[in-house]
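In what follows, chains carry the letters A, B, and so on, assigned in the order in which the sequence lines appear, proteins first and then strands, with residues in each chain numbered from 1. Not measured: the values here are computed from a predicted model.
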Amino acid sequence: MLDRKYILENATAVKQNCTNRNVQVDVDRLVELETARHAILQQVQELNTQSNVESKKIGQAKDEAERDALKIKARVLRERKDAAQSEHDRLEEEIKEIQLAVPNMAHPDCPVGVDDKSNLELGRGKHHPREFDFAPLDHLELGEKHDWIDFEGGSRTTGNGFYFLKGELVLLDLALQQYAVSELSKRGFTPTITPDLAQDSILEGIGFMPRGPETQIYSIENMNLSLIGTAEITLGGLYSGKTLADSELPIKLCGISHCYRTEAGAAGRASRGLYRVHQFTKIEMFAFTLPEQSPAMHEELRQIECDLFDAIGVPYRVVDTATGDLGGPAYRKFDLEAWMPGRGESGEWGEVTSTSNCTDYQSRRLNIRYKIKDKKGTQFVHTLNGTAFALSRALISILENHQNADGSVSVPECLRPIMGREVMGR
RNA sequence: GGAAGAGUGGCUGAGUGGUCGAAAGCGCCUGAUUGCUAAUUAGGUGAACGGGUCAAACUGUUCCGCAGGUUCGAAUCCUGUCUCUUCCGCCA
């Protein structure tokens with residue numbers, strides 16, 4: 001959510017930004033309504049003041065007659081105030097609805113474009129895509145060969161898009177989690193296991209739509225709870241409504257959670273195997289910072305993502321996400337796309353991580369503030385998030401890149417001490 | 001899940017339907033004082049939104065878990081709801 005005053009004062013820029021992001025919002029209408037609301041608010045306050053003044057006189061009235069006269073006067077004022085108030089509230093509601101739909105502003109360096117075709121490649125990782133001297137299998141074939149992934153069983157017990165992980169692949173999954181958590185701990189992130197459900201108001205604060213026809217979120221019937229699509233939701237919600245001391249910032253959290261996504265409307269898209277599933281585990285980074293800290297923090301998150309994928313020996317490229325592909329909350333977003341030899345005809349890049357600087361967009365919705373000691377007033381913190389490992393996709397990238405001619409898979413060096421083996425599936 | 005109790009400012013904790021944004025204490029800040037990392041003492045000390053100002057000063061509204069209701073007026077009365085504590089039950 002953008003500051004309302006900011007929208008009014010920068011209406012042209014806000015409108016241009018909506019266009020760049022391919023978002024339809026009636027900014028003019030918002031400006032018009034807000035101006036009207038302001039005028040009415042003045043009236044409300046004026047009437048309220050008068051009414052308060054009259055009410056106070058009643059307590060000091062010397063007799064019943066005076067009392068009754070004052071009561072009538074006060075009642076009339078109160079009624080006029082209530083009328084103005086309800087008009088004000090009606091406007092407020094409509095304004096809020098529009099305001100919530102306005103996306104965050106975009107970083108000036110963001111490539112402008114309506115979709116991911118305009119994304120800009122910024123660089124590549126340490127490792128390059130392999131030349132195989134045998135016909136590589138995709139992760140599904142590998143998974144089937146070793147009985148590591150059971151989609152059929154997942155489908156039978158739960159539904160299409162669910163799966164069982166089995167055997168050594170579970171060890172690999174856990175090793176990745178442990179490696180990421182331990183690396184992040186070293187870098188000052190507090191490991192955090194979050195609830196897998198959150199209140200709808202928190203989902204909305206982070207920028208998700210928990211209900212409705214286009215929702216990506218599973219919600220619980222008869223409750224205002226939904227399954228989280230990412231730990232970003234719960235980690236961001238952790239300090240909702242709080243005012244933090246500037247001295248405690250930045251706060252860096254490493255969230256471990258399951259992620260649930262309906263993937264509504266995703267049918268038919270290239271999504272074989274583990275690439276697009278309804279449930280996966282994710283190690284997520286999240287940071288609350290002072291505004292001036294957020295660009296450096298964003299860089300830090302991006303660097304960590306690169307370090308992690310370099311460490312597991314997976315080739316990737318870094319992409320600067322175009323305006324139309326940013327979503328609502330992000331001010332700037334970098335994605336890591338890993339090389340997946342089993343995708344497409346002869347391998348494709350597939351998104352494995354994403355890190356966003358959401359500036360004060362989420363904190364304003366969630367009301368997360370900071371206070372500078374000895375300084376009056378409070379400000380909104382900046383929030384950032386980044387993927388350490390989305391396990392499903394990280395597993396794809398390891399299986400497909402590290403497979404051997406005999407169908408076994410070499411364990412990335414950094415995971416060997418954790419897994420206690422150098423090769424799996426042999 | 002059942003029963004009882006409680007939710008007030010950074011914390012502890014008063015509060016009779018009107019003079020309560022709210023006593024008192026602690027903490028914190030400022031000043032005074034005493035030759036000494038402290039004591040004593042005076043004063044000050046919440047937030048959001050708006051008006052005002054170059055900036056202040058100043059000023060209006062709202063806020064006593066949350067949402068409604070009664071009333072001219074609610075921290076105070078009523079209803080609902082959430083959270084916490086204790087006891088009981090159940091359970092990994």
Within the structure shown, what part of the strands sits under 4.0 Å from A:Arg4 by heavy-atom distance: base, sugar-phosphate, or nothing? nothing

With C1' as the reference atom in both, quote the distance from B:rG15 to B:rA75 in angstrom, rounded to an integer. 8 Å

Which one is paired to B:rC84, where only Watson-Crick or G-U wobble pairs with both distances under 3.5 angstrom count? B:rG5

B:rC49 P sits how many Å from A:Glu46 CD, rounded? 22 Å

Base, sugar-phosphate alone, or nothing: which one does A:Gln42 contact when heavy atoms must sit under 4.0 Å apart? sugar-phosphate

Scanning all shown strands, the Watson-Crick or wobble mate of B:rU79 with both distances under 3.5 Å is B:rA67

Using the C1' atom as the reference point in each nucleotide, state the distance between B:rA74 and B:rU62 in Å, no decimals. 15 Å

Determine which nucleotide pairs with B:rA47, using a 3.5 Å limit on both distances of a Watson-Crick or G-U wobble pair. B:rU62

Determine the Euclidean distance between corresponding P atoms of B:rA4 and B:rG17; express it in Å to zero decimal places. 25 Å

So does A:Asp28 pair up with A:Lys15, basic N to acidic O under 4.0 Å? yes

Measure from CD on A:Glu34 to P on B:rC49 and round the result to the nearest Å. 13 Å

Please enumerate all residues that pass side chain to side chain contact (heavy atoms under 4.5 Å, CB included) together with A:Glu183, with sequence neighbours excluded. A:Tyr179, A:Lys186, A:Arg187, A:Leu308

For the pair made of CZ in A:Arg37 and P in B:rC49, what is the distance, rounded to whole Å? 12 Å

A:Asn52 side chain N/O closer than 4.0 Å to the phosphate oxygens (OP1, OP2) of B:rG73? no

If pairing requires Watson-Crick or G-U wobble contacts with both distances under 3.5 Å, which nucleotide is the partner of B:rU19? none

Distance, P atom - from B:rC11 to B:rG46, rounded to whole angstrom: 14 Å

Nucleotide opposite B:rG89 in a Watson-Crick or G-U pair, distances under 3.5 Å: none

Kindly indicate whether a cation-pi arrangement holds for A:Arg393 with A:Phe280, taking the cut-offs as under 6.0 Å to the six-membered ring centre and within 45° of the axis. no

Once you round it to whole Å, what is the distance between C1' of B:rC72 and NZ of A:Lys71? 7 Å

Please work out which of the three classes, parallel, tilted or perpendicular, describes the rings of A:Tyr260 and A:Tyr218, given edges at 30° and 60°. perpendicular

Do the charged groups of A:Lys96 and A:Glu93 touch, with an N to O distance under 4.0 Å? no

How far, in whole Å, is B:rA47 from B:rG25 if one measures between their C1' atoms? 23 Å

Less than 4.0 Å between a side-chain N and a carboxylate O, is that true for A:Glu94 and A:Arg29? yes

Would you mind checking if A:Glu34 and A:Arg4 are paired as a salt bridge, meaning a charged N to carboxylate O distance below 4.0 Å? yes

For A:Asn48 and B:rC49, give me the distance from atom CG to atom P, rounded to whole Å. 19 Å

Between A:Phe164 and A:Phe151 (judged by ring centroids, cut-off 6.0 Å), do the two rings come close enough to count as a pair? no

Looking only at side-chain atoms of A:Arg369, point me to the closest of B:rG50, B:rC49, B:rC72. B:rC49

B:rG60 phosphate, OP1 or OP2, under 4.0 Å from A:Thr49 side-chain N/O: no

Select base, sugar-phosphate, or nothing to describe what A:Gln45 touches, counting heavy atoms under 4.0 Å on all strands. base

Without decimals, in angstroms, what is the distance between A:His88 NE2 and B:rU61 P? 15 Å

Of the candidates B:rG50, B:rA47, B:rG73, the side chain of A:Lys371 sits closest to B:rA47

Distance check, P atoms only: B:rC64 and B:rG7, in whole angstrom units. 14 Å

Mate of B:rC36 across any strand shown (Watson-Crick or G-U wobble, both atom pairs under 3.5 Å) is none

Once you round it to whole Å, what is the distance between P of B:rA67 and CG of A:Asn224? 15 Å

Between A:Ser51 and A:Gln379, the residue closer to the 5' end of RNA chain B by nearest nucleotide is A:Gln379

In terms of the nearest nucleotide of RNA chain B, which residue is placed more toward the 5' end: A:Ile72 or A:Phe380? A:Phe380

Is there a Watson-Crick or G-U wobble partner for B:rG73 with both distances under 3.5 Å, and which nucleotide is it? none

Protein N or O to nucleotides 7-10 of chain B N or O, pairs below 3.5 Å:
none

B:rU33 and B:rU40: how far apart are their C1' atoms, nearest whole angstrom? 8 Å

Between A:Glu263 and A:Arg261, is there a side-chain N and carboxylate O pair less than 4.0 Å apart? no

Of all the nucleotides listed (B:rU61, B:rA47, B:rG51), which has the minimum atom distance to the side chain of A:Thr378? B:rA47

B:rC49 C1' sits how many Å from A:Lys5 NZ, rounded? 9 Å

Quick test of your reading of the model: are A:Glu54 and A:Arg78 salt-bridged, counting only N-O distances below 4.0 Å? no

Using atom C1' of each nucleotide, how far apart are B:rA23 and B:rU12 to the nearest Å? 13 Å

Partner of B:rA24 under the Watson-Crick or G-U wobble criteria, both distances under 3.5 Å, comes out as B:rU12

So A:Thr243, base contact, sugar-phosphate only, or nothing? Heavy-atom distance under 4.0 Å. nothing

